[in-house]
Structure formats: C-alpha cells, structure tokens
Amino acid sequence: MNSNLTKSLLICLAFVALLSCEAEKKKRVLNFPKTDLAMENMIPKPMKIIPTNGGFALDEFTAIYTSENASGFPEVGQFLADKIRAKTNLQIPVNVNEVPNREGIIYINQSDSLELDAPEAYQLYITADSVILNSNTAEGAFRGIQTIRQIIPETSNDTLAEYKVWTIPTGKIIDNPVFEYRGTMLDVARHFFTVEEVKKYIDLLAYYKYNVLHLHLADDQGWRIEIKSWPKLTEVSGGTEVGGGEGGFYTQEDYKDIVAYAAAQHMTIVPEIDMPGHTNAASVAYPFLNGNGKKIEPYEGTNVGFSTFDTRKDTVYTFIDDVVREISEITPGPYFHAGGDESHATKKNDFNYFVEKVQKIVNKHGKRMIGWDEIVTADVDSTAIPQYWSSGDNAKAAVRKNLKMILSPAKKAYLDMQYDSLSKYGLHWAAYVPVDSAYVWNPEAYEGIPLKNILGIEAPLWSETIETFDELAYLAFPRAIGYSELSWSTPENRNWENYKVRLANQAPFLDRMDVKYYPSPLIDWKKSKFTYEEIKKD
Ligand code: TNX
C-alpha cells in the first residue's frame, strides 16, 4: 500500500470515528431522563422558572467562557470552575482559546438589556447545548452562578456514557432579589472567631446569595480590631472574652483580608463599633472614655447595659473620629454601624446628643450610619438606617421619619435564639425560634412597616454561648438558609411545605462543606440526592 493511500485511509477512519462519536453524543443527549427545572432544590427560590425538561451534559468536554473586557466576569467564570471542580472533580477550562473537542459551553455574558437593569438581576438559559447566563453586572453574574452550582446534581449519571456526566435540567430562569440588603451579623466580640472561620462562613452565605456580613467588632467583653492611633484597644482589650477565654483580634491587614475575600464573593462587610453603651472594653484600655463613674475592670460575663462613654467630653469624639476614620479607610462598603443599643447607663439627652454627633462623624468619613433601633430617638438625618430588633415604637418612629430600616426582629430573626428548650446553645429571651417559625413570617408586611421603608433583612448571631465554628454552625444552619429566601424571593414564591423539601436537600452540600448544622426534626433530611438509577424507575 502506498503511503498516500494509508494517509487517506487513516483520515477517513478518523472522520468516521468522529462522526460516530457525534452520534454517540447525540444519543446520549436524547437518552437524558426527563428533568424538571422547577423541581430543583434552589434556595432562595428564583423569581421565575420555566422548565423545558431536557438536559445539559456537564462533563469533561464542557468549557466556560465569559464576555471579553467585562470587568469581574472572568473571575466569576473561574469561581464557577473552582466550585464545579470541588463538587465533581471536573477540570473545566475558562476562557481558553484553543479548545479541541469542546462540546457544551457555559457562557457568562455581560448584557446591557434593560430587562436586567438591576444590580443583581440575572437570567439563565439552559439548553442541551449551552448554559447562557446573562447579567449586566459581575455581581448579578455571581448570584447567577450560585443557581448553577445548586442545580448541578450531587451524583453523575454514569450509565449514560463511558465518562461521567452531570445532567443539568434545561429551561429558563429569570431572577432578581426583592431586597437589596440581605445580611447576617456575626458577634466576634463576645467570643472571637478567626479570619479562617469568618471566611468559611462567607463561603456558605454566598452560596445562598447573601450580600452583607456585619461584624460586631467591639462590646463590653472585647475589642477586636486594630486601631493604629489607639493601640491599647487591642493590646489591652483584644485578649478578653466571655467566659475568660483568650479572645483575639484582627490586625488591619487581617480585616482587609476578610474584606477582600468577601468582595470576591460580591459581599459587603459592615463594621460595627457599638457605642455609647457596650463599651466596657474600650474604657478598660482608655479609662478617660468611661462615663458611668465607676471603676473600670475587664468584663467577661454576659450582662448588658452597664457601660457608657462620657458623651459630654470632646476627647471622646476625637477618639471616635479616629476609630471611624481608620475603619472607614479600609472598608469599601457604604456603611458604618455605630451600635446604639441598650445604653441603659446613658441619660436619654446624652444618648441623643451622642448619636447626632456620631452620625456627623460617620458621614464625614464617607459612610452611611446604621444603628440599632434606639437611634431613632435622636435627630438623625435621612441617611441613617435603624436596625429594628425589638422596639415597635422605634420602628414606627423610623417610618414617620421616612427612614429605610433593616429588619432583624429578635423573636423571628435572631440566630442566637435556641430552637427549643433542648437546644445545646443559644438564649431564649426573645423566643424559641424553631426552623419553621424562622421561615414563616412576612418581612414585606411585618408589624405594618411599609415596604418602601425596608432596606432589607439581617439575621444577627450573638456569640455569648458559642465559641467554635461547629457551635456557630449549629445556630446559623439551617436557619440562615431560610432568611436568604425571605430576603431574596417574592412572597408568592415562599411556601413552608415546598421550602422544607428544598431545605432537606441541602444536606449533601452542608455535609460536603463539613457544616454541623442542627438537624431539626421538622425536616426530613436527605443524605444524598437520588441516584440516576432511582430517577429512572419513576
Ligand atoms: C441583645 S440585640 C443585644 C445584644 C445581645 C443579644 C443576645 C441587641 C442590639 N443587643 O447585646 O448579645 O441581645 O441575644
């Protein structure tokens, strides 16, 4: 046989092989089990889901592409690839030029559609050939890839091909959150949590489309952030905490690291320095701050309401100006939380005078002031954001002043409330908050607060009774998952019976993330999703 003939034969054979491979792939597509995108376990529930009952094959031939020159989009693509790898072990290339044998494409596209003209809006079109995610912003794209992560099955359909295939149900998703502020708070003052622990919490929250993490950085028991102009704050009061443990604090570099880590997941850090009450630790470091007239000693108990700054001393405001300035300089987000709760040792007039002065300082450093609901008794300006935690009267006053509020009603949204009387951790001064009670309420109609006065929802986790990540996880999960839906999804899309099933199916994710959630008996927890064999039977 001459060599030319051999060559043509080989080419021909290769071509036939390619064709049959194509045929094989088509067959595989046709053989997909019927899917139903609307039945997937997405939390928070997207605004609109239109299933088309087919399947997109996520496999080793899939590639991710993102819009060219779209700021933040390649990072979103890479984030998705990393998470796909963690879940399936597939190594999906991102924006690779020369890709032979690429079949299925995930395309993350920056659109300029007016329909998507909201910072976190996205649309997802899934067909047998491609997954197209459209968003005008990288932030919206980032929320959209959480949806993709959630609909990639836990297990592959190994019977379909020689290689592993994860079937993503086809259809269309149109999504946009109800509230722009969707947060949780972590109290790192009563017990300290390390940078690594905070990062792990951020990873979990981002999966459920949270966009705010509020850090309660100072309280009676400890001061947790380095202030370069007042070094004793952390030198003296970084080492105390509830129960006498060793405490801890973030250097400014640590804090920047947390802020950057959160920003990469399109999450804003809200720093809180609680004052004029809850300030024993600051006054231990600098006794001139103290305004309660008593001798100052470190405090490692759990009482509240005994400490106060001296609100009539100019040097106290010089101190606050430095603290707010240093923290604001390393906080890219728009907010600074100045506390203001339970200042029982501060006279009413002094309290109002203090809050008004602090708001001016916060504004001077380019931030909007958030404060616990008590701040509405002061003459705050229209940019102030009260955080409603207990007083209905304060909420009403905020509405009269036409302020935007953050809803954190303790009896519904406090993550540190015990689930029931048997709960290992937590308090119950506001209520026992079982998983259903945490979910079944309507922020849009809470105690007559008009929707236009609600910036969003935040679920605070106070840490008097918890000191390890597992203890944090016990209180935060699964309830934090429900609050993500309350703050993202429309009331029509929320339903306890339906949510319960989707929540049960979070177990494989939480297990994989090594999260020791509270296995509420109200939920029929799924240890793993149905295997392909099981789906086939019905
Ligand atoms: C009330 S809520 C507090 C905190 C406690 C919490 C415990 C609020 C603004 N103040 O100081 O840690 O209760 O649940």
Side-chain angles (χ1 to χ4, degrees), residues 183-193 214-224 240-243 245 247 270-282 299-309 335-346 351 354-355 358 369-378 384-395 398 405-421 423-433 437-438 457-467 471-472 474-476 479-480 483:
T184 62
M185 184 211 78
L186 180 60
D187 173 7
V188 295
R190 269 52 176 274
H191 282 106
F192 182 65
F193 291 89
H214 161 188
L215 293 174
H216 184 75
L217 292 166
D219 210 301
D220 290 318
Q221 298 86 347
W223 185 283
R224 306 293 177 216
T240 47
E241 65 180 5
V242 167
V270 174
E272 178 187 355
I273 298 297
D274 199 353
M275 45 193 175
H278 290 274
T279 48
N280 194 78
Y299 183 71
E300 297 183 322
T302 58
N303 289 339
V304 296
F306 58 89
S307 58
T308 182
F309 278 164
Y335 309 113
F336 185 96
H337 198 310
D341 59 316
E342 302 170 319
S343 281
H344 307 318
T346 323
F351 177 81
F354 179 86
V355 170
V358 169
M369 183 177 77
I370 303 177
W372 298 106
D373 62 47
E374 288 95 325
I375 63 160
V376 298
T377 62
I385 302 165
Q387 182 166 3
Y388 171 40
W389 65 282
S390 82
S391 161
D393 287 346
N394 286 341
M405 261 177 271
I406 295 166
L407 296 191
S408 305
K411 57 179 186 252
K412 283 294 181 188
Y414 265 27
L415 286 168
D416 66 314
M417 291 298 116
Q418 289 175 296
Y419 293 93
D420 57 34
S421 61
S423 291
K424 270 196 280 182
Y425 307 103
L427 305 167
H428 56 262
W429 64 264
Y432 291 114
V433 184
S437 163
I457 299 171
E458 187 180 289
L461 178 48
W462 301 97
S463 63
E464 286 94 332
T465 66
I466 54 169
E467 50 185 319
E471 293 165 8
L472 174 163
Y474 174 94
L475 286 176
R479 287 179 295 195
Y483 301 127

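Start at 1 and go down the list; that is how both ligands and their atoms are numbered.
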**Student:** State whether a side-chain donor-acceptor pair under 3.5 Å links H191 with E471.
**Tutor:** no

**Student:** Side chains of W389 and E374: do they bring a donor and an acceptor to under 3.5 Å?
**Tutor:** yes

**Student:** Does one side chain, of H216 or E272, offer a donor that lies under 3.5 Å from an acceptor on the other?
**Tutor:** yes

**Student:** Could you pull out all residues at least two apart from F351 that satisfy ring-ring contact (aromatic ring centres under 6.0 Å, His included)?
**Tutor:** none

**Student:** Not counting sequence neighbours, which residues clear ring-ring contact (aromatic ring centres under 6.0 Å, His included) with F193? List them please.
**Tutor:** none

**Student:** What short N/O contacts, under 3.5 Å, does ligand 1 make with the protein, listed by atom pair and distance?
**Tutor:**
| from | atom 1 | to | atom 2 | distance (Å) |
| --- | --- | --- | --- | --- |
| ligand 1 | 10 (N) | D341 | OD2 | 2.8 |
| ligand 1 | 10 (N) | E342 | OE1 | 3.2 |
| ligand 1 | 11 (O) | R190 | NH2 | 3.0 |
| ligand 1 | 11 (O) | E342 | OE1 | 3.2 |
| ligand 1 | 12 (O) | R190 | NH1 | 2.7 |
| ligand 1 | 12 (O) | E464 | OE1 | 3.4 |
| ligand 1 | 12 (O) | E464 | OE2 | 2.6 |
| ligand 1 | 14 (O) | D416 | OD2 | 2.6 |
| ligand 1 | 14 (O) | W429 | NE1 | 2.7 |

**Student:** Can you list everything that forms a ring-ring contact (aromatic ring centres under 6.0 Å, His included) with Y335? Sequence neighbours excluded, please.
**Tutor:** Y181

